[in-house]
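Counting starts at 1 for both ligands and their atoms, following the listed order. All residue numbers in this chain count up from 1 along the given sequence. If you're wondering where the values come from, they're calculated on a predicted model, not measured in any experiment.
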Amino acid sequence: MTATDIEVVKSDSPNTEGYHQFQLGEFTFSRDEYFVYIAWPTGSHMMSVDAFLRALQRDVAWDFFYGIVNFDGVFGTVNHYGTVDVFAGRYNDSYRKAELDYSENHETPAIRETFKSILADWTNSTFDPFASPHETGAAWGVKNGDNISAVTRRRVAAARMVGVPGDEQIRSDESGMPVNRMFLDVDQSEPVVEPEPGFEGEVAAFNLFSYLSRSDVTWNPSVVSACKDSLFCPTTEEYILPIIHGNDRVEWFIQLSDQITWDVEDRDTGAVRSRVTMKAGDVCAMPADIRHQGYSPKRSMLLVWENGSSDVPELIASGKAPTYPVEF
Ligand code: PHB
Ligand code: FE
């Protein structure tokens, strides 16, 4: 299936607030000035439109990410890398016990195109779902233009390392990426690299702190280096991670600056497991059977280290690999 084969199902005309209604399988999606309404055969749900669009933006830009993207405690997606489940209440103990949970599996292109269309239609010109709340206008109100350039950003993914030939995505004043207001104290000098003759294309270094200080988005890891399946995905964070991430593998967090507090819950039920406060220099591993959401009071720098191997989810799900990374 290619994007052009896909027919996004949407209402012929907009509602009184100016927004279209969308349908994917038996799910319907609509919005008004403040809220998003999601309905499925056994129930319905509402979310604040800003929170919904921030979550939707990440699900689209990350192409459904690793494992589960919970938009909140009820609605979300599970990535099966080729198909995606759209669910309501599936990872919510109360919905499960009441047998009100509901899930549908869709080919990735179908959900991708539907979600992209919703994001484009429901995001007004004033709102950037990737920006920190302090650096964007409001999501509210009747339809007021669009922000297509903002909502079609994809995550930056180096195939080797930022700065080496082919991956030259260095951020600078010249490339129109100024230092963020909260990172004005970050040293901007670049390392001096002196490779032996013949190795000029092989040896590279860049100032990661400078690179991150110029990020104009929040909670959007970019891949800055790839060594086989080992992916370094640093990101700048401010306010709240707009999704609750239920991983299908272990991931490591290295807090590079400032502080993030993580709420950690059981991945399947949502039961509280712990609260982790990470200060600059702290390192932790998030197990593969939890879900987490981060809170960053100041703009901070976080390095997320992922094992991108497509074998890992099955190894963990079948019990061949543990849900935790190290035996002490
Ligand atoms: C995560 O779910 O692990 C995650 C997602 C986005 C971020 C940071 C961490 O910016
Ligand atoms: Fe995560």
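- Between His20 and the options Asp12, Asn15, Asp121, a side chain to side chain donor-acceptor pair (under 3.5 Å) holds for only Asp121.
- A donor-acceptor contact closer than 3.5 angstrom is absent between the side chains of Asn220 and Thr235.
- Side-chain atoms of Ser213 and Asn180 include no donor-acceptor pair closer than 3.5 Å.
- Atoms of ligand 1 found under 4.0 Å from any heavy atom of Asn220, numbered from 1 in the order shown, are 10 (O).
- Of the listed residues (Phe87, Phe27, Phe75, Tyr95), just one forms a ring pair (Phe, Tyr, Trp, His ring centres under 6.0 Å) with Tyr102, and that residue is Phe27.
- If you number the atoms of ligand 1 from 1 as listed, the ones under 4.0 Å from a heavy atom of Pro221 come out as 6 (C), 7 (C), 10 (O).
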Check: residues 203-212 side-chain donor-acceptor pairs under 3.5 Å, at least two apart:
unit_1: Asn207; atom_1: OD1; unit_2: Phe209; atom_2: N; d: 3.0
unit_1: Asn207; atom_1: OD1; unit_2: Ser210; atom_2: N; d: 2.9
unit_1: Asn207; atom_1: ND2; unit_2: Asp187; atom_2: O; d: 3.0
unit_1: Asn207; atom_1: ND2; unit_2: Ser189; atom_2: O; d: 2.8
unit_1: Ser210; atom_1: OG; unit_2: Gln188; atom_2: OE1; d: 2.7

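- Near Phe253, with a cut-off below 4.0 Å to any heavy atom, the atoms of ligand 1 are 3 (O).
- No donor-acceptor contact under 3.5 angstrom links the side chains of Ser222 and Arg155, judged on distance only.
- In this structure, Tyr66 has no heavy atom closer than 4.0 Å to ligand 1.
- Taking every non-hydrogen atom of Phe65 and a distance limit under 4.0 Å, the qualifying atoms of ligand 1 come out as 2 (O), 5 (C).
- Ligand-side atoms of ligand 1 in range of His292: 1 (C), 2 (O), 3 (O), range being under 4.0 angstrom from any heavy atom.
- Between His245 and ligand 1, a contact under 3.5 Å exists for at least one N or O pair.
- Residue contacts with ligand 1: Glu251 is placed with a nitrogen or oxygen under 3.5 Å of a nitrogen or oxygen of the ligand (distance criterion only).
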Inset, instruction - Could you walk me through whether Trp122 and Phe29 pass ring pair (Phe, Tyr, Trp, His ring centres under 6.0 Å), step by step? - result: CA-CA 11 Å; Trp122 292 1; Phe29 301 87; 7.2 Å; no
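- Using a 4.0 Å cutoff on heavy atoms, Arg58 does not count as a contact of ligand 1.
- Side-chain atoms of Tyr19 and Asn124 include a donor-acceptor pair closer than 3.5 Å.
- With ligand atoms numbered from 1 in the order given, ligand 1 contributes 5 (C), 6 (C) to contacts under 4.0 Å with heavy atoms of Trp62.
- Taking the side chain as every heavy atom from C-beta outward, Phe64 and Asp59 approach each other to under 4.5 Å.
- Below 4.0 Å from some heavy atom of Glu237 lie the following atoms of ligand 1, by number and element: 7 (C), 8 (C), 10 (O).
- At a cut-off of 2.8 Å, measuring from the Fe ion (ligand 2), the protein N, O or S atoms that fall short of it are His245 ND1, Glu251 OE2, His292 NE2, waters left aside.
- Protein heavy atom nearest atom 4 (C) of ligand 1, with residue, atom name and distance: Leu241 CD2, 4.1 Å.
- Side-chain contact of His106 with Asp85: a donor-acceptor pair under 3.5 Å is absent, judged by distance alone.
- Side-chain contact, Ser48 with Asp50: a donor N or O sits under 3.5 Å from an acceptor N or O.
- A side-chain contact (heavy atoms from CB on, under 4.5 Å) with Val264 is found for one member of Cys284, Ser274, Pro287 and no other, namely Ser274.
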